[in-house]
Protein chains: 2
Amino acid sequence: MSKNAKISNVVIKRLPRYKRYLEELQKQGVDKVSSNELSRMIGYTASQIRQDLNNFGGFGQQGYGYNVNALHEEINQILGLNREYRMAIAGAGNLGQAIANYTLYYKNGFIVDTIFEVNPKLIGLKINDIEVLDFDQMVDTVHDHNIDLGIICTTKESAQEVADRFCRGGVHGIWNFAPVDLKVPDHVALENVHLSDSLHSLVYYVSRQETAADDEK
Amino acid sequence: MSKNAKISNVVIKRLPRYKRYLEELQKQGVDKVSSNELSRMIGYTASQIRQDLNNFGGFGQQGYGYNVNALHEEINQILGLNREYRMAIAGAGNLGQAIANYTLYYKNGFIVDTIFEVNPKLIGLKINDIEVLDFDQMVDTVHDHNIDLGIICTTKESAQEVADRFCRGGVHGIWNFAPVDLKVPDHVALENVHLSDSLHSLVYYVSRQETAADDEK
DNA sequence: TAGATTGTTAATCGATTAACAATC
DNA sequence: TAGATTGTTAATCGATTAACAATC
């Protein structure tokens, strides 16, 4: 029952943050933590933390709190971090290369398998030991290499075409860095990193801030 | 009155998306658009679009809709995109360089002024015409160059120290790419791009998806 | 004018917080 | 056992959607 209930996206978006703090506690050798202590660290209310966790099961113990190692392991399990993911990047520009090199992914089961490019000068080369293949080989390669995740670091103009090819190749998720909203089939998960949107919303507050500061003069 | 009412962050986060679609319409030479047409494109309800816009003023006209150019200009105004922003990046690693090179910023009034690094091999060099200065010069340089925005592309271990220096140097906003939650004074705006959190929430849906697919076999 | 579409109020829905009984 | 803290229900708060009168 409760296991089948669809969990709200806002809850899912908070899980990686729980994970980060639990990792930190683990590193510090702390072995138990209460929702109140977590609240002080993470900044969510204790009530919200308990509600969030109880979407997935009762991981705590009354009168004691939560076991740090066990809870971390549970959250890894929930997020699906207990396995490997094969990834391919489309676009070997600055951002694509940065993502390819980002050490994060080599650890923790994220494997960058291939980079796809249109620029003939780059095709055939290796970037950080990852082979750069022709954009035209995308569908077959994605399929043959069993790619789970497609990462889009192309221009906004090519992004939808690239997404389509990733989907035809059989990826289960797309991590999109191009500043467009893509259409993908229901069975493909989509996560956007819209950097320009992010900067623009920052600037909203900055411009407000600077005006407020001017007012005080 | 209504101008002073604090506008919810969820609304602000939608504004850049309105901007993107209005830009697109403008490029296509469309000169009027209704909330219903916008709804079909953007995917928010027409009702929500009208509610959002009316937080800032009545930009439409009954029986007609919204003038594309005028509305785009209004949203630029609201977001604070009608001026220049001087930016400095801390961390000249892959991500820092990618952000520095990202052409987006050169256009539209975002100027990357300086990059700060600890690695002595990089200090004094130029990356894409931007000078790389010693991390130790941060506070003074940020102040003297009138930097508005600090961009953090360091490790999570250095991020808080870097944020402190940006704040002491007088930035009004911080764009943080390090996987930590930073403490900054109230008058400094903070926008996080937590790439690992983003990937982890994607993987939640991917792993669910793959399990569901397996079940169907 | 008639038709269209906004601006805005009211109704609904969902997410967060508070409270407390259950229990370790 | 007594104290602490969870799991969970109920209350509140805020955000979204629906409805419609105002008006171009």
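Heavy atoms only: backbone and side chains are in, while hydrogens, waters and symmetry mates are out. First the proteins, then the strands, lettered A, B, ... as listed; each starts at 1.
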Determine, for [X] against [Y], whether the closest basic-nitrogen to carboxylate-oxygen distance falls under 4.0 angstrom.
X         : Y         : answer
Asp164(B) : Lys183(B) : no
Lys13(B)  : Glu191(B) : yes
Asp197(A) : Arg17(B)  : no

Sort out the partner of dG14(D) for me: Watson-Crick or G-U wobble, both distances under 3.5 Å, none otherwise.
dC13(C)

Base-pairing assignment for dA21(C) (Watson-Crick or G-U wobble, both under 3.5 Å):
dT6(D)

For Tyr44(A), which contact category applies under a 4.0 Å heavy-atom criterion: base, sugar-phosphate, or nothing?
nothing

Identify whether any heavy atom of Ser34(A) sits under 4.0 Å from a base atom; if not, whether one sits that close to sugar-phosphate; answer base, sugar-phosphate or nothing.
sugar-phosphate

Side chains of Asp181(B) and Tyr21(A), donor plus acceptor under 3.5 Å:
yes

For the pair Asn128(B) (side chain) and Asn101(B) (backbone), establish whether a donor and an acceptor sit closer than 3.5 Å, ignoring hydrogens and angles.
no

By nearest-nucleotide position on DNA chain C, the 5'-leaning member of Thr45(A) and Asn36(B) is Asn36(B)

Nearest-nucleotide 5' precedence on DNA chain C, Gln51(B) against Val33(B)
Val33(B)

Considering only heavy atoms of chain A and a distance under 4.0 Å, specify the first and last nucleotide of DNA chain D in 5' to 3' order that meet this criterion.
dA4(D) to dA10(D)

Can you find a pair of side-chain heavy atoms, one from Leu195(A) and one from Leu199(A), that are under 4.5 Å apart?
no

